[in-house]
Amino acid sequence: MRWIRDALARLRPGVLLCGLALGAALLLAAPALLSEETGAPAKAAPPSGPKHPVNLRPVGKPARMATGEVDALGAPIVVACSTCHSLRTEESPATKPAELTKFHKEFPFDHGERSCLACHNPKDYDTLRLADGRALPFTHSLELCTQCHGTQARDYKHGAHGGMNGYWDLTRGPRTRNQCVHCHDPHVPAFPRMQPTFKPRDRFMDAHRDAPKGGAR
Amino acid sequence: MPILQDLNAFARHSLRSATRGNRLYWLWMGLLGICIGVGIFSYLEQLDGGLIRTAMRDPVSWGFYIGNFTFLVGVAAAAVLLVIPAYVYHWKPIKEVVILGELLAISAIVMCALFVLVDVGRPDRVWHLMPGLGRLNVPSSLLGWDVLVLNAYLILNFVIVSYLLFSMFKGRKPRTAIFMPLVLLSIPAAVGIHTVTAFLYNGFAGRPFWNASILAPRFIASAFCSGPAVLLILMQLLRRFTRFEIQSSAIWKVAELMAYAMFLNLFLHGAEVFKEYYSDTEHLVHMQYMFQGIGEHRAIVPYMWLSVFCSITAFLLFLIPKTRRNPVTLNLGCVLIFSGVYIEKGMGLVIPGLTPDTLGEIYEYFPTWIEIGVAVGVFGIGAFIFTVLVKIATPIMLRASAGEASAEPGSGQPHRQRTTGQD
Amino acid sequence: MKPELTRRTFLCTLAGCAAAAATGGCGDITHTSFFRDNFRDLEKEELQQILAELEREHSKTYGKQVTVGAAQAQPGVEFGYALDLSRCVGCRRCVYGCVEENNQSRDPQIHWIRVLEMEQEKGIDFHHADAYYDPETVPEAGKFYVPVACQQCRNAPCVKSCPVGATWQEDDGIVVIDYDWCIGCRCCMSACPYGARHFNWATPDVPAEEMNPDTHILGNRPRMKGVVEKCTFCVHRVREGKYPRCVEVCPVGARKFGNLLDPQSEVRQILEHKRVVTLKSELNTRPRFYYFFG
C-alpha cells in the first residue's frame, strides 16, 4: 500500500487545488440556487362594482310525453301528462315502471327505491310534488332534487358541483348555471357513459410510436 | 507599430503552417471536410423542416445534441485539469502540455457552442443570450450561467494559448508571472464549467434521475477519465511524429491519475445504482430503463452495458501498472474509457433522465440520421479547428523547446480519438 | 445615448446574417419580431405597433379579421383552477375545445391538456398512467381520469430555468411565454414536472376556417416553428372576465375557475369546503391548479 500513500502525499497540492476550484465553482453558482419567487400577485381588492346576475339555465317543459304514434305528417304525437292522467285515476300507484301494465312499462328507471309518486304529483300530473305534498312546476325540479341530495345541493350552492358558462367576473358579465336535469336524467341519474374523443397523436413519429405504452413497470 | 508587424508575421506563419502538410495531412483534412459537408447538409435539412427531423419530441425534448454538449464540456474541462499534475510534478514540457490541453479545450468549447446552436429551435434569436444586448436570465437560469462560464472559459484559454505561442514565436521566454496566474485561474474555471453544466441538470426537481447531489461529482470524475484519454493519445502521436520530447514517466503518471478518477467514477456510479435499486422507489424506473429496459423499450440498454464494460475494462487496464505502461494496452484503455464515458455522458445521462417523462409516458428516443449527420459535422468542425491549432502550435513549440528553426511537424494528426468520438 | 439605440444599431449590422438565416429556413422572421425587445421591455407605442402588425399579418394569412389583444392582469385578481376528479369521465372534450380555442397546431398535433387514465386501486400514480386509452365508452370500470395541463405554479421551475427570460409569471398568476423572444432551447420543458410545455417541432398548422380570431399576444395567437407554448388559462378570455374554454365545454361540470383573492369565488369556496390536492406537491411548485374529490 506504499504506492497509495506515496501517491496521496505527492497529490496533496493537487487535491488542495481541486478543493479550491470546487469551492470557487460552488460560490460562482450559489446565487443560481437561490430560487426567485416569481410573480407576487397584487394583493389589491378583487374587482367590485355592480354585479351581473347568475342565471339558471332554463329547463324546458318536460311535462309532455310521446304517445308513440305519429300524425299525418309523420311527426310524433306529444301530449301533456294531464291529457291522459286527467282521465285516469290510479288506484294503487306503481312503485316502479316494471310494475305498470299499460303505459310507461319500458321506461328506464334506476333511481334507488323511489316510487313514481315520490316526485310526480298524482293530483296534477303536469307538476311535481315536494315531500310535504306541495306542487312544484317541472321548471323548478332543482328544488325537488335537493330534498334528498343535500351534499350535492351544498356543493352546488358553493359552485363546486355543476357546470357553468359565461363570466367568472360578475362585474363584467352574467353567468349561467346548469340545473340538475341538464346532466342527470331524473329517472336514471347516474351520468351516462360517453364516447371519448380521439386519443392523442402528438408524438407523430410513426404508427407504433403514436401510442406508447403507459405503465412503466 | 512593431507589435502589429509581429502579429502580422505570426498570422502569416500560422497560415503557412496550416496550409502546408504532407499527403496524410491533406487526406485527414479532406475527410474532415466531408464530415463538415455532411453536417451542413443535415443541418440545412433540419432548419428547413424544423426539429421534427430529429427524433426528439415533447417527452424527450433533449437528445443526442445536448448529450454531446455535456460530454464535450467534460473534455474541455478535463483537458485543462491535466495542468495540475504537470504543475505539481514539475514536468519539463509543462508549457507544451498546457498549450495542448488548452487547444483541446478551445476546440471542445467551440463544439459545445455548436451543439447548443443546432439544438435550439430559433437559431436566429441566440443573440437574446448576450448580456446587455438580449436578456440573459442570470442568476436564476442555469443555462444562462452555463453560457457565461463557457464563454469566459473560452476567452481565458484563448488568451493563455495566444500569449504562450506568441511569446514563443517571438523567441521570448513566456513570463511565468503572467501566464501562471491565468493557468491557475483556468483550473477552477474548468471545474466551474463542468459543475455548472451538472447543475443545469441537477436543478430540475421534476427529473429524479438528474436531481441527485452526486451528479456534479460524477461529472467531474468522468471528465477526469475522458479528457486526459484524448491528451494521452495525442502526446504519444506528437512524440512519434515530431521531435517533441515527452517522457514516458509523464504519460504513466497521467495514466495513474486516470485510474484513480476511473475508480471514483465507477464508485459514484455504483453508489447511485445501489441507492436506486435498494430503495426501489418510483424513481428507480429511470435506471431500469437504462440498464434493463422497460417492456419492449430497450433501445439504449445494449449501449449502457457496453459503456459499463468499457469503463470497467479500462479501469483494470489502468490499475495494473504493467498494462498501464504497455503502449498497446494503454491506448486500448484510452479508447475504451473515452467510449465508455462518451456513451455514459452522451446518451446515458440525457435519455434515461427524460424517459419515462414526467407523466410516466415512455417515448423511446433514438437519434435520426439527421441528428447523427449534424453531430458528425460538429465533430468535424471541432477536429478541424483542433488540427489546425495543433499544426500551428507544434512548430512554434518545437522551435522554442529545442531552440531550433521550425521543423516540418509531419502529420501527426490525432484521428483515433476523433473517430471514437463519432460512434 | 439610450441603450436601445445601441442595440438597434448593433442588430442592424446583423441584418445581413438575419437575411441569411431567413433563407436558411427560418422563413417566418419578420422585421418586428427579429428586432423587437422582450415583451416586458416594450414601450407602449411599440407594443401598439406590434399588435397592429400582427393583426394585419394574421388577418391576411387566415383570411379573416384577427384581433391580437394585450390585456394586462387586473389588480386584485389571482386565478385559480379546481378540477373534480370524482366527476371527470375522461371524455377529452376539454382537450379538443382547448385546441380550437387556442389555435393549437393540428398537424403536427399539439395538445395543451393531457388526460391520464389511472387505476382506482393505484391512486394518482403517473408511472402507471395511460394517455392513449381508447375504449368504446368512458369511464372504464376501475379507472379514473386526471387531466393535466399547466399548473400555473407559484414557484414555477420553467420560469426559473429560461435562459433568456422569455417566460414569466404575470401578476394574476398566469405563466406566459413571449413567442417572439423564446429561443427554443427547451430548458423549460425539462424543468416542468407536469409535461405541460409543448414545442413546435415543425411549422404549426391551423386550418384557416377553424382559426379562432380572438387572440392575445401572450396566449393563443398563431405561433411559429421552434418555440414553446402552453396553457395560459385562456388568457384572452379570462382577462375579459370570461371562463376558460375547458370550463365551458366540460360536459360533467368537473372544471371550476375563479379568483383566488375573492372569498366568494367558486375556487375559494372549494378550497374552503373540499379537501384539495396538488400534483407533485413534494416539489414545492405550489400550483394554482387544484384537484378535489367532489
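To find a chain, count down the sequence lines: A is the first, B the second, and so on, and within it residues start at 1. Every heavy atom of this structure was used, including side-chain atoms; hydrogens, water molecules and symmetry mates were not.
- With chain C as the partner, the residue from G166(A), G163(A), S48(A) showing the most heavy-atom pairs under 4.5 Å is G166(A).
- If you measure heavy-atom distances from V138(C) to chain A, the contacts under 4.5 Å come from both the backbone and the side chain.
- Between R114(C) and D202(A) a salt bridge is recorded (basic side-chain N to carboxylate O distance below 4.0 Å).
- The most heavy-atom pairs under 4.5 Å with chain C, out of Q152(A), R154(A), R175(A), H184(A), come from R175(A).
- Contact annotation for R87(C): only side-chain heavy atoms (C-beta onward) come within less than 4.5 Å of a heavy atom of chain A.
- Both the backbone and the side chain of P135(C) come within less than 4.5 Å of a heavy atom in chain A.
- Neither the backbone nor the side chain of R245(C) comes within contact range of chain A; no heavy atom of the residue lies under 4.5 Å from a heavy atom of that chain.
- Of the N and O atoms on the side chains of N155(C) and R286(C), not one donor lies less than 3.5 Å from an acceptor on the other residue.
- Contact annotation for D155(A): only side-chain heavy atoms (C-beta onward) come within less than 4.5 Å of a heavy atom of chain C.
- Looking only at heavy-atom pairs under 4.5 Å with chain A, the residue among H111(C), R255(C), K122(C) that has the most is H111(C).
- Using a 4.5 Å cut-off between heavy atoms, V238(C) contacts chain A through both its backbone and its side chain.
- Heavy-atom pairs under 4.5 Å with chain A were tallied for A82(C), G258(C), S265(C), P251(C); the largest tally goes to P251(C).
- Contact of E248(C) with chain A is made through backbone and side chain together, with heavy-atom distances under 4.5 Å.
- For H52(A) and Y167(A), the gap between ring centers reaches or exceeds 6.0 Å.
- Proximity to chain A involves both the backbone and the side chain of Y243(C), based on heavy atoms less than 4.5 angstrom apart.
- Salt bridge R239(C)/D172(C): present, at least one basic N to carboxylate O contact under 4.0 Å.
- Within the 4.5 angstrom heavy-atom criterion, no atom of R268(C) approaches chain A.
- For W168(C), no part sits under 4.5 Å from any heavy atom of chain A, backbone or side chain.
- With chain A as partner, the option from Q264(C), R237(C), H198(C), K242(C) having the largest number of non-hydrogen pairs under 4.5 angstrom is K242(C).
- A cation-pi contact, defined as under 6.0 Å to the ring centre and within 45° of the axis, is absent between R114(A) and F109(A).
- Interface summary for chain A: among E272(C), Q269(C), E266(C), the most heavy-atom pairs under 4.5 angstrom belong to E266(C).
- Comparing E117(C), E119(C), E136(C) by heavy-atom pairs within less than 4.5 Å of chain A, the highest count is held by E136(C).
- A salt bridge does not link D178(C) with R40(C): every distance from a Lys NZ or Arg NE/NH1/NH2 to an Asp or Glu carboxylate oxygen is 4.0 Å or more.
- For P157(C), no part sits under 4.5 Å from any heavy atom of chain A, backbone or side chain.
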